[in-house]
Amino acid sequence: MKRSTIAGVVLGSVLGLALGVGAYTFIYAKGASYLTNDPKACVNCHVMQEQYDGWIKSSHRSVATCNDCHAPADFVGKYSTKAQNGFWHSFYFTTGKYPDNIQINERNRKIANEACRKCHAEIAEMIEGPANKHSAADTTSCIRCHRNVGHLH
Amino acid sequence: NILEHKQEAKNPFFRVVELTDDTEDPAVWGKNFPLQYDAYLKTVDQVRTKFGGSDALPRTPTQADPRSIVAQSKIEEDPRLKKMWSGYAFAIDFREERGHAFMLDDQTFTGRQAKPQPGTCMNCHASTYVANKKAGDGDLVKGWEQINQLPYAEARKLVQHPVGCIDCHDSQTMALRITRPAFMEGIAALKASQGVTNYVVNKDATRQEMRSYVCAQCHVEYYFMGQEKKLVFPWAKGDKVENILAYYDEIGHKDWTHADTGAPLLKAQHPEFELWTQGIHARSGVACADCHMPYTRVGAHKISDHHIRSPMLNINKACQTCHHWPEEELKTRVETIQSRTHSLRNLAMDALMDLIDDLKGAKAAGVSTNELAKAQDFQRKAQFYLDFVEAENSTGFHAPQEAVRILGESIDFSRKGQNSLRAVSRPIATAAK
Amino acid sequence: NILEHKQEAKNPFFRVVELTDDTEDPAVWGKNFPLQYDAYLKTVDQVRTKFGGSDALPRTPTQADPRSIVAQSKIEEDPRLKKMWSGYAFAIDFREERGHAFMLDDQTFTGRQAKPQPGTCMNCHASTYVANKKAGDGDLVKGWEQINQLPYAEARKLVQHPVGCIDCHDSQTMALRITRPAFMEGIAALKASQGVTNYVVNKDATRQEMRSYVCAQCHVEYYFMGQEKKLVFPWAKGDKVENILAYYDEIGHKDWTHADTGAPLLKAQHPEFELWTQGIHARSGVACADCHMPYTRVGAHKISDHHIRSPMLNINKACQTCHHWPEEELKTRVETIQSRTHSLRNLAMDALMDLIDDLKGAKAAGVSTNELAKAQDFQRKAQFYLDFVEAENSTGFHAPQEAVRILGESIDFSRKGQNSLRAVSRPIATAAK
Ligand SMILES: [Ca+2]
Ligand SMILES: [Ca+2]
């Protein structure tokens, strides 16, 4: 068999299994509540407890929930992101295959970073100057300095 | 509260005047951006920190030098510096640097003007963007090359202000912009040494990089190339101290000849950018402006503090967004790093003094030029390595371990230089080798 | 899976056996704490990192040394070490250190046993708590003092295990506990030097401090005092390299006499704790255990990883709690610091080799003992400073700038030593002084 085919088969079976456990987790671990905006949804997984505790102590607890920062603004983006993250979180959680010190992936870091602008557009404009000649991709990273506003790390 | 904030915040600034690519006077820019302008004017403040800032020393103005206040003299603070630079203008006058507001006066009236200086000096001490364009009838580079070649006094007539808004900003977008041809060429050479070809800084640099590059137009090591006195940043082999020395050795450059030893030496000058690139902050994407122009709130506005100064005078905004330690603790951390650098700097200075003494002695004793040459080359190396840290203005903070590594190597060069002179007359020691 | 998670979470461990203050065998403790015990057993693993970990080299066991696997020899890797330690046991055999599981065997069978060693050695290579108590009929200190004075072979009979649970833990509360009298006295002396009197570590130390102190019972510089071969940590004047040297100079201590130069020298040994105290992590309250025993998830439990090893083999748990950089980036940061340390370490090593050659040459040439004495003292200083970083096992990481500062001073001592020998025969050079 060619490498790719092997990979294909392996991936296929893994996903099959994953869907199974994933679904199982979703019901058992109240995974469905993942789709709401309630931070409690996130701490159904003790894995998220650390961030939840941090959020409670953060300057944002009363102004921003997990999803305000971790889900894109637009409806579709929001639910597709949650579907993806929700699925993978369930998968990793169930199989236990995730690092002790969870690290945000690039995609989600970008989402969190852009989330700031949903509420702090003026600030963003102020510090980037009246006009931003730089490409949309090359905006100021807020979390470079404010990575702790949502929850202390 | 946030509601008010939003109200005010709606228009962060009012465009009351039209700015063009020829608007040189910062006061005019200040009409549109009063907050940044007010801060910019504050760079006249002089406050001393343990190793930085500056003292404001009163002096009686003279015809030749109308300044009524100057910063403390470093060569009086540590006379070993005079011996290190013996025969060079820096042995006449070298002071602690102070705020941007003084850059043009301090250059115009420094005792170093006793020796004739070229127009090139202007590049980093004045608002030269408009002047360069004018001189080149619109061609920035051409104009710059011409002004470089004028005598200092001639070039001086073409500029009015210290570094101004137009030197860092595009007048239409306010975006950061590199205006110094020497940096455009220098950074391209540095990138090339790292395998990145045809680098065009104003096109290829990210916003974050620009927050350091605008500073690196001046806070860097440099030399004047050839008859044209062209300003060049010696980074073609890289920007670590050994790369820069290798570059100078290859082209056989020297800044001056040491008066007592006859060695062909190099003067390192403010390599803040170069040292910073070797440090953990650069590696972590922390820019010059992050610490020296931290964001600060003025009413509902959050702006970059244009009062550029020592972050030790502004720890809360400069450091505490990233480091949640008390101000006193952060201050102590910096001073611990600086004191360690300073202690080894003193050892390296003593070692260099000893080498200079031995070389003088050897010359007096009529040792052959051949033998002297070897020791003189050790002096060249030791001097440049030590000066690289001495001239760098953070007392090692920008890259603590690298600064001390450089000093350690300087000590080795000085002491080996001494040995090279003494060995010759001691057969048994060499025999043992 | 989750079902388990939810249940396990209820009872962290089951007390299946009764542990007492005399339970030495870790396997017994392991019945109550299987997770920690399983990890503890893993210290037999040998993996190499760029500058740490260890290689597992097969060897054919002999009667005298039954070990079938050893770590790589450092004196073969860098023969300059043999010359540096000429005349001392370390020139016979010195290897890269490996996991705790090997500590007793590696000590028992090291080539250094060729020279007679005292029972004191046992302090840091075995589970000695119960043995010490027994020997002193319940009096820990008395027993320890007796065992120190036995010949190694005698003392060896009194212990069975490498460092075990009882050496770090109270059997009833599992709280951390200091069991080594040498550290109780050493840390009290260090605190006294800082103005804190009557310090009783098991009473006064915070929990976070204990997470480093348990390690500092062994990972420190030490010497054997007097006929009683008492184990002493030389911190009465402080724990920086200059404080320790001053302490040894005051009491006129030497570890050995250099075979080629006759200098009275000091061997520095694994000053991990001392160097760490000078670093930014110690300053930030980061303990040995935070990096070398990071909390780790086993099922629903978070426990301290008792597989003590190089953090470079466990970056996510050891570093990413505090540093949100990719693993590769963190690895590169460490290796950048270590490579810089290593490069200056090599310069310092060459300088010391040159001094040793010159001293040999001078002796051969019959230079007066008076003149030699001065150079020999430079060798003593240079040797101790260099060895302080060489023997420290993080290749500078525990305090990057301090490690390089120490090496810089070592270079100065070595080269000045060379000078001192050569100057005498060169009137003009001295005249110039
Ligand atoms: Ca200054
Ligand atoms: Ca090792």
Side-chain angles (χ1 to χ4, degrees), chain B residues 260 278 280 283-284 323 325 329 332-333 336-337 340-341 343-345 347-348 350-351 353-354 356-367 396 399-419 421-433, chain C residues 260 278 280 283-284 323 325 329 332-333 336-337 340-341 343-345 347-348 350-351 353-354 356-367 396 399-419 421-433:
Chain B
D260 310 327
Q278 300 308 310
I280 196 77
R283 209 174 165 109
S284 305
H323 299 289
W325 305 106
E329 168 62 13
T332 315
R333 286 182 181 200
T336 306
I337 289 168
R340 221 182 257 130
T341 307
S343 72
L344 204 64
R345 173 263 190 200
L347 281 190
D350 288 338
M353 295 301 114
D354 290 348
I356 292 173
D357 288 337
D358 285 7
L359 259 163
K360 270 165 79 175
K363 271 184 83 174
V367 171
Q401 193 196 19
E402 174 71 355
V404 171
R405 197 259 316 178
I406 292 170
L407 292 169
E409 297 209 15
S410 175
I411 292 173
D412 200 36
F413 290 132
S414 288
R415 299 298 184 194
K416 272 159 110 172
Q418 289 184 278
N419 288 330
L421 282 173
R422 299 168 179 211
V424 291
S425 68
R426 179 71 173 243
I428 61 101
T430 30
K433 278 259 172 26
Chain C
D260 310 327
Q278 301 308 308
I280 196 77
R283 232 198 136 92
S284 306
H323 300 288
W325 306 107
E329 168 62 14
T332 313
R333 287 182 181 200
T336 304
I337 289 169
R340 220 182 256 130
T341 309
S343 71
L344 205 63
R345 172 263 190 200
L347 281 190
D350 288 338
M353 294 301 115
D354 290 348
I356 291 173
D357 287 338
D358 284 8
L359 258 163
K360 268 166 79 174
K363 271 185 82 174
V367 172
Q401 194 197 19
E402 173 71 355
V404 171
R405 197 262 312 177
I406 293 170
L407 291 171
E409 297 210 14
S410 175
I411 291 173
D412 200 36
F413 290 132
S414 288
R415 298 299 184 194
K416 273 160 107 172
Q418 288 183 279
N419 275 230
L421 282 174
R422 300 169 178 210
V424 291
S425 68
R426 180 72 173 241
I428 60 104
T430 30
K433 278 260 173 25

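Order of the sequence lines sets the chain letters (A, B, ...), proteins ahead of strands, with each chain counted from 1.
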> Who are the side chain to side chain donor-acceptor pair (under 3.5 Å) partners of C:Ser284, not counting sequence neighbours?
Replying inline: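 Per chain and number, C:Ser284 pairs via side chain to side chain donor-acceptor pair (under 3.5 Å) with B:Arg333.
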
>> Using heavy-atom distances under 4.5 Å, tell me whether C:Thr341 contacts chain B through its side chain, its backbone, both, or neither.
In response: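 Contact with chain B involves both backbone and side-chain atoms of C:Thr341.
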
>> Heavy-atom cut-off 4.5 Å, strictly under: side chain, backbone, both or neither for C:Leu407 against chain B?
In response: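 Contact with chain B: none, neither part.
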
>> Just so I understand: if I count every heavy-atom pair under 4.5 Å between each of C:Pro400, C:Gly408, C:Ser343 and chain B, which residue has the most?
In response: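 When all of C:Pro400, C:Gly408, C:Ser343 are compared, C:Pro400 has the most.
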
> So which of C:Glu402, C:Met353, C:Glu409 has the biggest tally of heavy-atom pairs under 4.5 Å with chain B?
Replying inline: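 Among the listed options, the one with the most contacts to chain B is C:Glu402.
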
> Would you find a donor on one side and an acceptor on the other, under 3.5 Å apart, between the side chain of B:Arg422 and the backbone of C:Asn419?
Replying inline: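 A pair under 3.5 Å: yes.
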
> Taking the side chain from C:Gln401 and the backbone from B:Ile337, do they hold a donor-acceptor pair closer than 3.5 Å?
Replying inline: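 Checking the backbone N and O of B:Ile337 against the side chain of C:Gln401, a donor-acceptor pair under 3.5 Å is found.
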
> Does C:Ile411 reach the side chain of B:Arg415, with side-chain heavy atoms less than 4.5 Å apart?
Replying inline: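 Result no, sub-4.5 Å side-chain heavy-atom pair not found.
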
> Any side-chain heavy atom of C:Arg283 within less than 4.5 Å of one from B:Thr336?
Replying inline: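 Result yes, sub-4.5 Å side-chain heavy-atom pair found.
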
> Run the side-chain contact (heavy atoms from CB on, under 4.5 Å) check on C:Arg340 and B:Gln278 step by step: do they pass?
Replying inline: CA-CA 11 Å; C:Arg340 220 182 256 130; B:Gln278 300 308 310; 4.3 Å; yes

> Side chain, backbone, both or neither: which part of B:Ser414 has an atom under 4.5 Å from a heavy atom of chain C?
Replying inline: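 Neither part, no heavy atoms under 4.5 Å.
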
> How would you list, by chain and number, every residue that makes a salt bridge (Lys or Arg N to Asp or Glu O under 4.0 Å) with B:Asp260, sequence neighbours excluded?
Replying inline: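 For B:Asp260 there are no salt bridge (Lys or Arg N to Asp or Glu O under 4.0 Å) partners, ignoring immediate neighbours.
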
